[in-house]
Amino acid sequence: MRNAPQDRELWQKLYYKYPKAYQRRRLEAIKFMWDGYKQVDVCERIGCDRKTLHKWIDLYLSGGFTSLLEPIQSN
């Protein structure tokens with residue numbers, strides 16, 4: 001993940017723009033991955049399972065912050 005595009009200035013703007021906890025957790029997870037934390041450590045810090053983290057990483061890598069921060073759809 002260290003080789004993924006990193007726009008920390010945009011990250012910070014989005015962190016303050018999106019106050020919902022689930023969006024901030026996703027942003028924090030991506031930042032920890034940028035910083036070189038192991039997936040197991042990110043999961044522990046954020047409080048998510050590995051499958052969820054993989055989903056967030058895939059969202060970010062395929063669609064950037066836009067995909068990562070999409071609202072949760074309820075059924």
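For the single chain, residues carry numbers from 1 onward in sequence order.
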Item to check | Close side-chain approach of Arg45 to Glu28, heavy-atom, < 4.5 Å | outcome: no
Checklist entry - Which pair of heavy atoms, one from Ile57 and one from Ile30, lies closest together, and at what distance? => result CA-CD1, 4.3 Å
Checklist entry - Where is the tightest heavy-atom contact between Gly47 and Arg25, given as atom of each residue plus distance? => result O-NH2, 2.7 Å
Next on the checklist: Using modelled atom types and a 3.5 Å cut-off, is there a donor and acceptor pairing between side-chain atoms of Asp35 and backbone atoms of Tyr37?
Outcome noted: no
Checklist outcome for this item: Distance col, row Thr52:OG1 vs Arg26:CZ, nearest 0.5 angstrom, shows 9.0 Å
Next on the checklist: When you compare the side chain of Tyr15 with that of Lys31, does any pair of heavy atoms fall below 4.5 Å?
Outcome noted: no
Checklist entry - Do the non-hydrogen side-chain atoms of Tyr16 and Arg24 ever get within less than 4.5 Å of each other? => result yes
Next on the checklist: Quick check for you: to the nearest 0.5 Å, what is the distance between His54 atom NE2 and Asp58 atom CG?
Outcome noted: 8.0 Å
Next on the checklist: Quick check: is Ile72 connected to Tyr60 through a chain of hydrophobic side chains (ILVMFWY, heavy atoms under 4.5 Å apart)?
Outcome noted: no
Item to check | Student check: side-chain heavy atoms of Tyr22 and Pro71 closer than 4.5 Å | outcome: yes
Checklist entry - Side-chain contact, heavy-atom cut-off 4.5 Å: Leu68 with Phe65? => result yes
Item to check | Distance-minimising heavy-atom pair for Ile46 and Ala29 | outcome: CD1-N, 3.8 Å
Item to check | Pair Asp7 + Lys13, salt bridge at N-O below 4.0 Å | outcome: no
